[in-house]
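Naming convention: chains lettered A, B, ... in sequence-line order (proteins, then strands); numbering from 1 in each chain. For clarity, every value in this text was computed on a predicted model and none was experimentally measured. Basis for what follows: all heavy atoms, side chains included, without hydrogens, waters or symmetry-related copies.
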Amino acid sequence: MTIEKKEKPSKELPLGFVDRQEKELLIRDFVISNIKEVMIKYGFQYLETPSFEYSDSIGKFLPDKDRPDQGVFSFKDEKKWLSLRYDLTAPLARYVAKNYLEIPKPFKRYQLGTVWRNEKPGPGRFREFLQFDADFVGTKSLQADAELCVLISEILERCGLSKEEYIIKISSRKITEELFKKIKIDNNEQRLITLRALDKIDRLGWNEVKQLLGKGRKDKSGDFTKGANLSLSNIEIIEKELNKKSPGTKDLLEVFKIFEDYDFSNYEFDSSIIRGLEYYTGPIFEVNLKFDIKNNKGKVIQYGSIGGGGRYDNLVNNFGNYDAPATGISIGLDRLVYALMQKKEFKIKQSKPVVICVFDKNLMKEYISLQKILREADISTEIFPGESKLKKQMEYANKIKAPAVILYGEDEIKSKKPTLRDLNSGKEISVEIKELVNEIKKII
RNA sequence: GCAGCAGUAGCUCAGUUGGUUAGAGCACUAGUUUGUGGAACUAGGGGUCGGUGGUUCGAAUCCACCCUGCUGUACCA
């Protein structure tokens with residue numbers, strides 16, 4: 001006799017994908033509602049594009065042209081390769097190129113959407129996450145760049161962050177561009193390695209970055225990273241140039257002037273902001289949190305930025321002949337939410353239902369009429385969803401954090417006075433049905 | 001991707017000169033005479049000891065490879 005073993009389906013999730021609990025979702029909803037209000041106030045259009053795009057629509061113009069397929073989830077249709085979008089900027093460029101003649105110029109749109117990246121996940125970093133993007137397409141005005149920073153700032157503050165808890169760091173691609181001219185780097189790979197190295201100044205410090213600009217660097221674990229192989233004199237020029245405390249480029253001076261007009265000051269110039277992207281052409285920004293973020297074991301972790309962006313004047317042009325200079329910013333919503341959850345003072349009101357206990361199925365009509373009264377008063381209410389002893393019903397109510405239970409058994413029904421038990425204090429009172437709503441409101 | 005460390009019940013972990021049916025706390029389920037939660041007590045369920053192969057009479061324990069997690073690093077549109 002043979003017994004076939006049944007393979008049980010796996011209850012594990014794919015690497016980098018997570019279930020999200022109510023607490024997180026409610027904070028996320030709160031953040032999203034703030035975003036929408038601010039975006040409407042700033043006059044942006046709401047847009048949604050599909051999760052999948054043809055790979056070449058979003059892949060061909062990837063900044064790292066040397067590895068266009070890396071990091072993206074893709075599958076082959078009968079005819080073409082499709083990819084899950086990895087950000088909202090590439091689809092926007094595609095959308096603008098496709099609808100160029102119909103859209104207003106400039107085009108201001110915002111978008112909320114899930115994006116997917118086939119990369120190694122870490123604390124607060126997943127392979128599926130929600131992003132928020134706001135972009136101006138079709139304007140060279142630096143007013144747009146400045147306004148993006150102002151708007152992000154307003155969103156963060158509405159979400160409960162104080163000016164001391166975040167900062168917008170700003171630099172410009174013009175700075176590194178001029179630098180590359182000065183030291184005459186035209187080798188693209190060398191430029192990329194140099195940019196990536198400079199991006200790490202705040203984390204590693206100059207000494208380590210110099211190694212990356214030169215031969216390379218060995219990290220704590222013993223792993224070796226190849227360097228850009230620049231000459232010592234060039235490295236010195238770079239260090240001197242980037243250590244300047246104020247920008248020498250026209251674009252940033254203008255942006256800072258506009259900030260003044262806006263009375264916006266929660267930013268700082270930081271020439272080490274690079275954003276690793278090849279397509280940025282002007283001002284670039286990064287949104288950083290200034291309070292400690294801990295992992296689920298209570299250890300403070302390197303959290304990095306929660307968002308960023310910049311000017312990309314050539315991206316739309318890649319799709320055709322339309323010249324549409326643009327600038328945009330994006331926020332990793334899940335990362336922002338993860339950070340907000342750590343703020344002790346941050347509380348989201350959750351209304352949990354008052355539970356009406358069931359003594360006898362035959363009395364259901366009574367329970368439904370009580371439930372109706374409460375629900376009509378907009379009080380979250382439920383009749384215990386099951387058939388259990390009273391004790392189990394109480395345990396259930398306790399578990400779901402119900403504020404109160406209503407006991408309405410034979411005794412109470414005789415006098416038409418339900419018993420209301422406050423689950424926090426444990427106090428019970430007997431109330432007239434018409435007083436029930438008022439008494440419950442006192443508890444909630 | 002690279003490197004270091006780790007992987008025993010849902011969770012936190014104990015368990016070495018390799019030796020009989022693998023443990024605790026919390027959680028879970030049922031009960032403590034049945035109309036009362038968050039306390040206590042009793043009983044119970046639950047583990048191919050991350051996976052596969054190897055060494056051995058015998059492996060949670062030793063070896064190899066793989067998978068997963070953590071930390072750093074790389075990449076990050």
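Rounded to whole Å, atom C1' of B:U33 lies 13 Å from atom NZ of A:Lys391. The CG-P distance, from A:Leu198 to B:A74, rounds to 13 Å in whole Å. Counting to the nearest Å, the C1' atom of B:U36 and the CD1 atom of A:Ile406 are 14 Å from each other. Regarding A:Gln211, its CD atom lies at a distance of 13 Å from the P atom of B:U73, rounded to whole Å. The CD-P distance, from A:Glu395 to B:A40, rounds to 13 Å in whole Å. Rounded to an integer number of Å, the gap from CD of A:Glu286 to C1' of B:C76 is 12 Å. Following rounding to the nearest Å, A:Ile356 (CD1) and B:G35 (C1') show an atom-to-atom distance of 16 Å. For the pair A:Asn118 CG and B:G1 P, the computed distance is 10 Å after rounding to whole Å.
With hydrogens and angles ignored, the 3.5 Å screen pairs a side-chain donor or acceptor of A:Tyr367 with a backbone N or O of A:Tyr408. Using a distance-only test at 3.5 Å, with no hydrogens or angles considered, a donor-acceptor pair links the side chain of A:Glu412 to the main chain of A:Gly409.
Using a 4.0 Å heavy-atom distance criterion, A:Thr89 is classed as making no nucleic acid contact. Residue contacts shown for A:Asp133 are absent, as no nucleic acid heavy atom lies under 4.0 Å away. Residue-level contact check: A:Arg421 touches the bases, meaning some heavy atom is under 4.0 Å from a base atom. A:Gln393 comes within 4.0 angstrom of no nucleic acid atom, judged by non-hydrogen atoms across all strands.
Among the nucleotides B:G31, B:C75, B:G37, the one closest to any side-chain atom of A:Lys392 is B:G31. In the set B:G35, B:G37, B:C75, B:G35 carries the atom at the smallest distance from any side-chain atom of A:Thr419. Side-chain atoms of A:Leu390 lie closest to B:G35 of the nucleotides B:A74, B:G38, B:G35. Set against B:G35, B:C75, B:G31, the side chain of A:Lys389 has B:G31 as its closest nucleotide. With distances taken from any side-chain atom of A:Glu412 to the nucleotides B:C76, B:G35, B:U73, the minimum falls on B:G35. In the set B:U73, B:G37, B:C76, B:C76 carries the atom at the smallest distance from any side-chain atom of A:Arg196.
Comparing the P positions of B:C49 and B:U21 gives a spacing of 14 Å, expressed to the nearest Å. Separation of the P atoms belonging to B:G35 and B:C28 is 23 Å when rounded to the nearest angstrom. When the P atom is used for both B:U61 and B:U16, the distance is 12 Å, rounded to whole Å. Separation of the C1' atoms belonging to B:U68 and B:C62 is 22 Å when rounded to the nearest angstrom. With C1' as the reference atom, B:U29 and B:A9 are 15 Å apart, rounded to whole Å. A gap of 36 Å separates the P atoms of B:C11 and B:U56, to the nearest Å. Taking the P atom of each, B:U48 and B:A60 are spaced 13 Å apart, rounded to whole Å. B:A40 and B:G58 have their P atoms separated by 47 Å, with the value rounded to a whole Å.
Remark: B:U36 base-pairs with no nucleotide in the shown strands. Criterion, Watson-Crick or G-U wobble with two distances under 3.5 Å. Searching all strands for a Watson-Crick or G-U wobble partner of B:C76 with both distances below 3.5 Å returns nothing. Nucleotide B:C41: paired with B:G31 (Watson-Crick or G-U wobble, both distances less than 3.5 Å). Across all strands shown, the partner of B:C26 is B:G10, judged by Watson-Crick or G-U wobble contacts whose two distances both fall under 3.5 Å. Using Watson-Crick or G-U wobble geometry with both donor-acceptor distances under 3.5 Å, B:C70 finds its partner in B:G4. Summarising the base pairing, B:C62 is matched to B:G54 through a Watson-Crick or G-U wobble pair whose two defining distances lie under 3.5 Å.
Between A:Lys401 and B:G38, a side-chain N or O to OP1/OP2 separation shorter than 4.0 Å is absent. Taking 4.0 angstrom as the limit, A:Lys200 places a side-chain polar atom (N or O) nearer than this to OP1 or OP2 of B:C75. Proximity of A:Arg203 to the phosphate of B:A74: a side-chain N or O atom is located under 4.0 Å from OP1 or OP2. Within the 4.0 Å cut-off from OP1 or OP2 of B:A74, not a single side-chain nitrogen or oxygen of A:Lys226 is found.
Counting heavy-atom neighbours within 6.0 Å of A:Lys200 NZ, excluding the residue itself, gives a total above 12. For A:Asn207, the CG atom counts as loosely surrounded, since its 6.0 Å shell holds 12 or fewer non-hydrogen atoms of other residues, nucleotides or ligands. At most 12 non-hydrogen atoms from other residues, nucleotides or ligands lie less than 6.0 angstrom from CD of A:Glu48.
No donor-acceptor contact under 3.5 angstrom links the side chains of A:Ser272 and A:Asp202, judged on distance only.
No donor-acceptor contact under 3.5 Å links the side chain of A:Asn398 to the base of B:G38. In this model, a side-chain donor or acceptor of A:Glu428 finds a partner on the base of B:U36 within 3.5 Å.
Both tests hold for A:Arg20 against A:Phe126: distance to the six-membered ring centre under 6.0 Å, angle to the ring axis within 45°.
Residue order along RNA chain B, read from the 5' end via each residue's closest nucleotide, puts A:Gly426 first among A:Ala90 and A:Gly426. With the nearest nucleotide of RNA chain B identified for both A:Leu212 and A:Gly16, A:Gly16 has the one nearer the 5' end.
A:Phe136 and A:Phe44 have their aromatic ring centers within a separation under 6.0 angstrom.
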